[in-house]
Every structure is written in C-alpha cells, then in structure tokens.
Amino acid sequence: MKPMINLLQTSITEPEIKAILDSTPGSPLLPAIKDPVWHQIAHRALVQKWLGSIKQLTEKEIGKPMPELTEELYREFYVNGSRLPFETAYFERRRRLARAAISALLDDSAERAQWLDSLREKTLAIFNEFSWALPAHVNSPSGRDPLHLDLFAAETANLMAELLTLFPGVYDASLVDAIKGRIRRDCSENYVNRHEDFFWTKAPNNWNAVCHQGIIGAALALEQDTGLIARMLFLAKKYLPIFLRGFGNDGACSEGPGYWQYGFGWFCVLNEQLETRTSGQLSLVEGDPHVLEIARFGPRVTLSNFHFVNFSDSPRTGALSPSLLTYLGKRLKDEHLLAHARKSYERLDQTGLNLQGQRTDLLYFVRLLLNTPEKTEADTPLAPEDFYFKDLAVVVASAKDTSGHFWEFAAKGGDNAEQHNHNDCGSYILNLDGWPVVAEIGAPEYTKDFFRENRYQYLAARTLGHSLPIVNGREQAPGPQFAAKVISCELNSNHAEFSVDLAQCYPSDAHCSELIRSFYFDKINGSLKIKEFFDLAVHQSYETSVLTEEQVEMAGVTAIIHARGGDVVVRPFDETLIIGVETHEYRDHGGTPRKIFRIILRPAKLTEQRFVGYELEMKS
C-alpha cells in the first residue's frame, strides 16, 4: 500500500493529484440503500428507539406540500433584516427530506415504496429551488443568486450528491443528469473560475471548511472529470491551511464549541470523503499533530450536564456530535474522544432525537446512524480536564468540593476582534452541579444588524451583557487593539488562579490606566473570588456586575442567586457595595424572548479607593 499523502502539507502537484484520482476509482463515499449495513443498523437497539418516531413523522408528511420559499420570503431579509421566517421554512424542507430518506434506508418492508416516492418528491422540490444560498448571505434585493456559493449552497450540493450515492437507480435519469449538471456548473466550475471572489476561501473560520466540504465533497462523489477534481483539490490545498491557522497551537477556536463542531466537523467529513475516494492515498489530517489538538478542543470546553463554555456566539447547552467524536476518536486513535462520543450517544438514548432541531438533516442522520454503537453504556465516566488555552487566553477548571458539590469555572482574556466577537475580555462562567450560576448569553437571534454596524447595540455582544466592569460609563470597544493582557494563570489540584489586565480593552475616554481583574477558584471549599484593581484619571463612575438567568434575592448586603444547582451567595468584600439588580431582555438564538439579571456592584467611595471585589459561595 502506498503511503498516505497529506494534501495540505506536501508539495504535491496538480498532475500528481489527477494521477492518484485516475488510479483509484474508489468505492462509493457512502453505502447504498441495498447495502446490508443498513439492515444491520436498523436492528440496533438505539436505532429502534428512534425509528418509530421518524417513520411516524415521515408518514404524516407523505403528499404534504413542502413549506414554500416564496419570493416574499426571499426578500424579507433585505427588507427588514429578519432571517428566521425564511430559514425556518428552508431547514424544515431539508429535515423532511432527511426523514423520508432515513425511513427508506432503514425500512426494507413493503412500506419502503411509499418512503421512496416521498423522497423523490422532496428531492425534486429542493433541487428546483432557484437559489440554494440563504438570503442573509446574498447581496441582492431579491435574496436570490444561483451562483452565490455560501455555506448552505455548498451543503445542498453535498446533500444532492449524497442522495444519488445512497439511492442509485431510485431517481429518473433526467433528474440525475440535471443534478450532476447543476453541481458541475454552479458549484465545481463556479469555484474553479471564481475562487478568488469568494471571501470564505481566505477566511480562517468555519465558512472556509464548510464551503469547501460541500463543493469538493459533491465533486468527489459525482464528478467523472478527474482533471476538474484535481484542480479543485489543488486550490483547496492553498486555502484550507488558512482555516487550520484559525486555531491556536493548542487547538483553541475563538468561535466556540458550536462553530468548532460545524467548521472542523465538516473539515473532517471532507477528509473522510477524500481518503475514501483516493483509497487512502490523499488526506487532510495525516501526520498533523495540530489536527489532534483541534480535535480535543470541543471536549475540553464541554461542561457537565451538556453545557458548554459559551463565550462569543456559542450555544450554552447541547451535545457534541457523537458521530464526529467517534470518527475523530477512531481516526486519531484517541480514547478520550471516544469516551465523549459514547457519552453523547448515551444522551440520545435518554432524550431521544429532536426531529425539529435545525440540523437534523441528512448529513447528520447518515453519520449518526453509521456510527451508532451496538449498545450504550449506563454512564460513561468522563474525567474533567483543567486546561489553559494560551493562544485564546481561556481557562477552564472544575472540581468537587468537600461538601460534594461540583463546580465548573471558565474565564477569558483575548481581544475584541475575535471570530463571532463579543466585547467580553475578562468575562467568566460559573456552574454548580451541572447548572449555570453566572451565565453567558452566547448566540442571540441572528439578524442583519447583528452582523453589521449595529452588532454592539445587542445585549449579547455588549460589555453590558457580560459579567464585566463598566468604567466611567464606558463599555469595552471593538477592535484588535482593545485586548486583554494575561498576567498569570495557575492550575493545580487545590485551586485555579487567573489574572488579566483589562485597561486596554476600554476606549480612551474611560480614562482608565489600569484595570487588573483576578479570579481565585477555590476547589476545596467551593468558592470563586473576583477582585478588580483600577486606576482612573477621572472618577465619574465604576461598576462591575454578575449576570445570571436565575432569580436573585437581596439579603442584607449580599445577593442570593437561586440556581438550579443550589443557592449561591454573592458576598461583596469590604468597601464594595451591591447597589441593585437590573433586568435586561434579549432574544435567544431561536428568537424566543428571554431575561437576564444583572447584579451591580460599586466601590463604596470611588474617589478614595482603587478596588472592588466579591465572592461567590454556597449559601450555608
């Protein structure tokens, strides 16, 4: 067997790539409907739990019109900046198609014929969409552009290619030819001819990987012109390293675990497709130790009870993809990743599938099923891992105190020009027994304004929406120059300490020459101390805050957070006062109105002191 070549790390030429493609016709990238593997999967205990609800919903959707993508819906984002009305219908169409496909793959009874009929109808409906890109990503009043390659145009191309791979002989030849023709014209050739015009080819974030996966993955599955595939891979050889450089040397991703899973997850799908198509001769990960560190990032920022360290636009709760973790654990030979995979499958065993989740589409289902274990363990133990991401300036630590309560703490430095940035240098999270005490909002509802000039008017992205100081009425400012400086970080079995200088995170009219924020997480006694030392040229105001979504009760000079893990006291130090609790409203990522409470602390005598501080501990 020839040694595997890392496409991104060698000087392989385009003709050499073509020669490998010519010499390796490769097996199909996914098992087809008649492959015995689907019969085996259908009879696994966990799949049996899911299949009934999938088929029940699929049956209700037979003959039912797909949610329509009207011209008005396409235009709505341009008109008023709202994304949810179009995207709700768009993703529901893809979920319905996925349910029909999975029912057909797993049910080899006489009912399969009706599933296949429904699948054909839904495939045609999605294929006939004038534009596969989201209006939020299209620079046009119409919201439509068939040649615009965004995340979801690329995903749809891969979807169509996988349908033809999974269901050979199921579709009319005319539709098969039309699908192949559209993918070649609008995706493959479009990418080759206009790669420099697409911003994402040079982006160090999830767009780069996701778009490349969809476009190249579709070509690897369907394209017969090996010269065209070789050209695409040679271009990707130039651009995909930019994506990998977006991660720290320690694997850290400033976009957070949600976008880590999206971008890096789709990168791994492309790697699997490439290795399969070339019979193991070409790879994107072979021999790259950086990839292993990136792979470990997701589990390292996963907290107990399926919560995340959700700085920036990251979800607060969820589970990492068990199929991605299984693939990474096997491909990279990492038992810790495999343990996290088993834990995620256990969660699905307990909760069942959320068939209305945005991303329960075909790519998700196929890989989830192909990696489903024969059985799940009762409770896979996961040893918590303290970690300091030096490049990202994020610390994560956890411990069980002497009373048996489990505490989890995370804090960040960084700068205010990170991917999916919030003006949040110095912010932190505190969870107790698997539930948030001090919370991050994470990703709010996505609208036009949130990704444009008004981003920092949204609570989620403002300093006001984080547990941070506001100095002389000024919040932190956006931009790479507004950066924290890490002073120290210490992690051991007894405590975690983290100190950052935040003075440069604020604009000049904050008149702040020094702002040192220090955290002391006492693992033995279960408490967190926050101290802030500041030096102001002007003494108008200084306040710091604790944000929580749990009810807050004032009790004398303290505040009590009634968290689901237990009551936690916010106890100010001497010369620090809690002056009240504000209520702020925002809309979460799904558009649901929510409230968050802001406990405000101030120095007792601003002109005479340079310090505020407080402690969080269990109510005795």
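Just the heavy atoms: all of them, side chains too, but no hydrogens, waters or symmetry mates, feed the values below.
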Ignoring hydrogens and angles, state whether a donor on the side chain of [X] or [Y] is under 3.5 Å from an acceptor on the partner side chain.
| X | Y | result |
| --- | --- | --- |
| Thr402 | Asn525 | no |
| Tyr262 | Asn205 | no |
| Ser527 | Glu615 | yes |
| Ser283 | Glu275 | yes |

| Presence of salt bridge, Lys412 and Glu418, under 4.0 angstrom |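 Salt bridge present between Glu418 and Lys412.
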| query | Between Lys523 and Asp386, is there a salt bridge with N-O shorter than 4.0 Å? | reply |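 Salt bridge present between Asp386 and Lys523.
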| Residue that, paired with Leu274, satisfies side chain to side chain contact (heavy atoms under 4.5 Å, CB included) out of Leu29, Val269, Leu233 |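 Testing each of Leu29, Val269, Leu233 against Leu274, the sole residue satisfying side chain to side chain contact (heavy atoms under 4.5 Å, CB included) is Leu233.
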| Set of side-chain hydrogen bond (donor to acceptor under 3.5 Å, both in side chains) partners for Glu490, sequence neighbours left out |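 Result, side-chain hydrogen bond (donor to acceptor under 3.5 Å, both in side chains) vs Glu490: Asn492, His495.
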| request: Let me see the working for Glu385 and Arg300 under salt bridge (Lys or Arg N to Asp or Glu O under 4.0 Å), right down to the final yes or no. | output: CA-CA 7 Å; Glu385 178 186 15; Arg300 283 169 171 164; 3.4 Å; yes
| field | Leu240 versus Ala209, closest heavy-atom pair with distance | value |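 Minimum heavy-atom separation between Leu240 and Ala209: CD2-CA, 4.3 Å.
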| query | Which atom pair, heavy atoms only, marks the closest approach of Leu392 to Ala252? | reply |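 Closest approach of Leu392 to Ala252, heavy atoms only: CB-CB, 3.7 Å.
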Between [X] and [Y], is there a donor-acceptor pair closer than 3.5 Å when you use the side chain of the first and the backbone of the second?
| X | Y | answer |
| --- | --- | --- |
| Asp433 | His405 | no |
| His422 | Ala460 | yes |
| Asn305 | Gly434 | yes |

| Centre of Phe451's six-membered ring, under 6.0 Å away, within 45 degrees of the axis: is that where NZ or CZ of Arg455 sits? |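 Yes, cation above the ring, under 6.0 Å and within 45°.
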| Do Arg347's NZ or CZ and the ring of Phe306 fall within the cation-pi criteria of under 6.0 Å and 45°? |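 Cation-pi check for Arg347 and Phe306: passes.
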| Aromatic ring proximity, centroids under 6.0 angstrom, Trp207 and Phe199 |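 Phe199 vs Trp207: aromatic centres under 6.0 Å.
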